[in-house]
There are 2 protein chains.
Amino acid sequence: MMAMFDLALRGEREPVPIKAVAERQGLSDRYLGQLFTPLRKAGLVRSVRGAQGGYVLTRKPDEISVGDVLRAVEGPISPVHCVSDPGACARVDGCVTRGIWRKLRDRIVEVLDAITLADLCEEAGQEQIGGKAPGGVDHHA
Amino acid sequence: MMAMFDLALRGEREPVPIKAVAERQGLSDRYLGQLFTPLRKAGLVRSVRGAQGGYVLTRKPDEISVGDVLRAVEGPISPVHCVSDPGACARVDGCVTRGIWRKLRDRIVEVLDAITLADLCEEAGQEQIGGKAPGGVDHHA
DNA sequence: CCAATTCCTAGTGGACTACTAGAGTTTCCA
DNA sequence: TGGAAACTCTAGTAGTCCACTAGGAATTGG
């Protein structure tokens, strides 16, 4: 999420190398590289190989939701396995609690799909200006 | 949750022994006994020791929410550690994503606190009106 | 060619989780 | 009073998941 946020802040035009993202966000570049693979396969980012390469978002920040990112990296969003994968629990049939988790899952997805990368950028902009009155934050998105 | 649901269906008056709950719900009685300890400490159930003993709910099913049960057994409800325990992550300060998880946590708690054991009983009754739970459950909704 | 960069595959240490197990303690019933 | 039925406390375990590390191959620009 932090990497995608970083890309949303910068990579509108030129590809951003993993190393730069990693340094700014305080993460390991090796680990980040790994995380970008599923993001690329999900079509959220495009990769440019070779020198001066890096990653670029394929859509505008306000067209990528937190839910999109999470699904790409972690698979189906669900509070418990049996909701997304009925075979995960032997007690599935007639389980009273399953309905709870399904309802919960729906609400969770609702929340996560409603927040976009652009929202994050806006929030971060207001927070970082911090001490001053957050009047007009100019963010292109 | 399944055990608490079982108690809600039956244990309005007489204490229900762990073994009975375990058999009906297809769980290990040893394991269940372990889970009841935090539930008792949280004041959700009362234990009656000795022969003919067992567990009883301390409140009516419609006064115990799924959230209450979860908090008692698993601790604070939270999608990630850093929300309930700021010391859990070194990147806490100025982390962009933390706001997401906080918002999400609030919604999750909202959902879980809105569902009561009585709701579960009602749902289960509608799903399969077998010979189970006849007459004893007050459907007040 | 060389350096920068992505890409692929495998491994690892720590934490969590559902569950098992042993050895008590308390209480009820006969 | 004896004993069984029940809870209580403390450890341990096997499996899984997760964040992260690591080595090296492929690709591209200069």
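The model shown is predicted, which means the values in this text are computed figures rather than measured ones. A note on names: the letters A, B, ... follow the listed sequences, proteins ahead of strands, and every chain is numbered from 1.
- Put simply, A/S47 has no side-chain N or O that comes within less than 4.0 Å of OP1 or OP2 on C/dT5.
- Atom CG of A/L32 is separated from atom P of C/dC7 by 13 Å (rounded to the nearest Å).
- At least one donor-acceptor pair closer than 3.5 Å links the side chain of B/R91 to the backbone N or O of A/G26.
- In this structure, of C/dC7, D/dC17, D/dA6, it is C/dC7 that holds the atom nearest to the side chain of A/R49.
- In this structure, CD of A/Q34 is placed 11 Å from P of D/dA19, rounded to the nearest angstrom.
- In this structure, the CG atom of A/L35 is 11 Å from the C1' atom of D/dC18, given to the nearest Å.
- B/V16 has its side chain out of reach of B/Y55: every pair of non-hydrogen atoms, C-beta onward, lies at least 4.5 Å apart.
- Where B/R91 and B/K41 meet DNA chain D, the nucleotide closest to each residue was compared, and B/K41 sits on the side nearer the 5' end.
- Regarding B/K19, its NZ atom lies at a distance of 11 Å from the C1' atom of D/dA4, rounded to whole Å.
- Phosphate proximity of D/dT16 to A/H81: absent, as no side-chain N or O sits under 4.0 Å from OP1 or OP2.
- A straight line from CG of B/L27 to C1' of C/dT20 spans 14 Å, rounded to a whole angstrom.
- The residue among A/R40 and A/G53 whose nearest nucleotide of DNA chain C lies closer to the 5′ end is A/G53.
- Look at CG on B/D29: it is 11 Å from C1' on D/dA6, rounded to the nearest Å.
- Looking at A/D68, its side chain does come within 3.5 Å of a backbone N or O of A/S65 through a donor-acceptor pair.
- One N or O donor and one acceptor, one from the side chain of A/R30 and one from the base of D/dG24, sit under 3.5 Å apart.
- In terms of phosphate contacts, A/S28 brings a side-chain nitrogen or oxygen within less than 4.0 Å of OP1 or OP2 of D/dT21.
- Straight-line distance from the OH atom of B/Y31 to the P atom of D/dC7: 17 Å, rounded to whole Å.
- A donor-acceptor pair under 3.5 Å is formed between the side chain of A/D119 and the backbone N or O of A/T116.
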Salt bridge (Lys or Arg N to Asp or Glu O under 4.0 Å), that's the test. Do B/E63 and B/K60 meet it? Break it down for me. CA-CA 5 Å; B/E63 288 170 336; B/K60 290 188 176 174; over 6 Å; no

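- Counting non-hydrogen atoms under 4.0 angstrom, B/I18 reaches the backbone sugars and phosphates but no base.
- Among the nucleotides D/dA5, D/dT21, D/dC17, the one closest to the side chain of B/A51 is D/dA5.
- To the nearest angstrom, P of C/dA18 lies 13 Å from CE of B/M2.
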